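Encoded as structure tokens, the structure appears first; notes follow it.
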Number of protein chains: 2
Amino acid sequence: MKRHRHSEQRELIYKVLKGSKEHPSAEHIYQNLKEVAPSLSLATVYRNLNFLVEEGRITRIPCNVNRYDANTAEHIHFFCTECDGLFDLDNLTIPFDASALEALGYEVNRCDVIFKGICPNCIKANKQ
Amino acid sequence: MKRHRHSEQRELIYKVLKGSKEHPSAEHIYQNLKEVAPSLSLATVYRNLNFLVEEGRITRIPCNVNRYDANTAEHIHFFCTECDGLFDLDNLTIPFDASALEALGYEVNRCDVIFKGICPNCIKANKQ
DNA sequence: GTCCTTGCAAATAGTTTGCAAGCCG
DNA sequence: CGGCTTGCAAACTATTTGCAAGGAC
């Protein structure tokens with residue numbers, strides 16, 4: 001793993017992620033920071049997201065387009081196929097047993113659980 | 001949903017998927033069928049995979065690159081970050097409770113559970 | 001001064017789409 | 001014959017990379 005120097009951009013990106021509940025994509029973050037840092041480039045966003053994932057400060061959530069989360073604690077996500085919203089399901093926990101996998105000889109690093117369907121908001125909107 | 005006519009290509013693609021344990025990507029399937037159907041195009045593979053997903057005959061598994069599975073029963077996957085292998089964990093079940101989500105107002109269509117880490121083979125290979 | 005970081009543009013990878021020709025029913 | 005299906009090439013989207021200039025320590 002590479003040494004990292006302090007970088008204004010990296011902290012900006014992290015701050016956006018930390019202060020957001022929307023699990024933004026790289027593009028989202030880029031748009032969000034355009035005002036504050038007009039010279040910022042999308043490549044830098046991607047590069048720093050990769051650094052942050054590598055460092056474990058953030059998490060990459062595999063959807064159609066990768067989304068990111070500054071809450072690195074294992075928790076479950078719900079992806080709404082209507083509005084592309086990605087929601088935390090903090091109150092739910094799935095009792096997954098990594099030890100069973102380890103007994104089978106696997107080394108488990110992560111577990112992504114993503115429910116897919118339609119969120120309450122979109123259901124309501126559809127009914128109208 | 002569109003009406004579908006019988007198509008040789010579609011059944012070929014489905015057959016590859018049905019007869020494979022590797023959860024192939026579109027590219028895999030394409031390469032696999034090149035010998036049997038040299039005129040087949042990658043676009044056709046993608047188009048038919050989408051049809052099959054739409055029909056519910058196969059499942060799309062979101063990894064970095066989408067992988068497909070003709071076993072549409074809910075089951076857990078393990079993705080090896082070393083060899084890109086995608087394995088079924090049939091013996092494990094995660095008691096996921098969609099009803100808890102439905103009580104919250106969500107409409108749940110799918111649940112993808114993907115463990116990530118290193119598979120036994122790669123662990124063995126690394127040690128040598 | 002070293003070497004990490006950045007912006008830019010170009011490159012790449014995965015996937016989708018327009019179109020004209022072909023094929024099924 | 002109508003309209004689904006196909007191959008081809010071009011388009012598109014998400015992401016990565018090469019490079020030279022700028023910045024941290």
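A, B, ... follow the sequence lines: proteins, then strands. Residue 1 opens every chain. This is a predicted model, so every value here is computed, not measured.
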Interatomic distance, F51(A) CZ vs dT16(D) P [rounded to whole Å] = 11 Å

Contact under 4.0 Å: N50(A) side-chain N or O vs dT16(D) OP1/OP2 = yes

Picking from dC8(C), dT5(D), dT5(C), which would you name as closest to the side chain of R10(B)?
-> dT5(D)

Nearest whole angstrom, please: distance from the P of dA14(D) to the CD1 of I29(A).
-> 14 Å

Find the distance E8(A):CD to dG22(D):P and express it as a whole number of Å.
-> 19 Å

Nearest-nucleotide wise, let me know which of A26(B) and H6(B) is further upstream toward the 5' end of DNA chain C.
-> A26(B)

Grab the OH-C1' distance between Y30(B) and dA13(C) for me, whole Å please.
-> 15 Å

Angle class for the F87(B)/F78(B) ring planes (parallel below 30°, perpendicular above 60°, tilted otherwise)?
-> tilted

Contact class for Q9(B) vs. all strands (heavy atom < 4.0 Å): base, sugar-phosphate, or nothing?
-> sugar-phosphate

Report yes or no: is the cationic atom of R110(A) (NZ for Lys, CZ for Arg) under 6.0 Å from the centre of the six-membered ring of F115(B), at an angle within 45° of the ring normal?
-> no

May I ask you to check whether D88(B) and H75(B) show a side-chain donor-acceptor distance below 3.5 Å?
-> yes

Minimum-distance nucleotide to S39(A) side chain [options: dG7(D), dT15(D), dG7(C)] = dG7(C)

Could you check H6(A) against E8(A) for side-chain contact (heavy atoms from CB on, under 4.5 Å), going step by step and ending with a plain yes or no?
-> CA-CA 7 Å; H6(A) 173 81; E8(A) 187 61 26; 4.2 Å; yes

Closest-nucleotide 5' rank along DNA chain D - winner of N48(B) and A43(A) | N48(B)

L49(A) vs N66(A) side-chain heavy atoms within contact, under 4.5 Å = no

Length of the CG-P vector between L49(A) and dA14(D), whole Å | 14 Å

Return yes if the base of dG3(D) and the side-chain atoms of R5(B) contain a donor-acceptor N/O pair under 3.5 Å, otherwise no.
-> yes

Whole Å only: how far is the CG atom of N66(A) from the P atom of dT13(D)?
-> 17 Å

Of the candidate nucleotides dT15(D), dT5(D), dC8(C), which contains the atom at the shortest distance from the side chain of S7(B)?
-> dT5(D)

Rounded to whole angstrom units, what separation is found between the CZ atom of R60(A) and the P atom of dA14(D)?
-> 15 Å

Between Q31(B) (CD) and dA13(C) (P), how many Å, whole number?
-> 13 Å

Name the closest nucleotide to the Y46(A) side chain, picking from dG7(C), dA14(D), dG7(D).
-> dA14(D)

Taking atom types as they are modelled, is there a donor-acceptor pair under 3.5 Å from the base of dG18(D) to the side chain of R47(A)?
-> yes

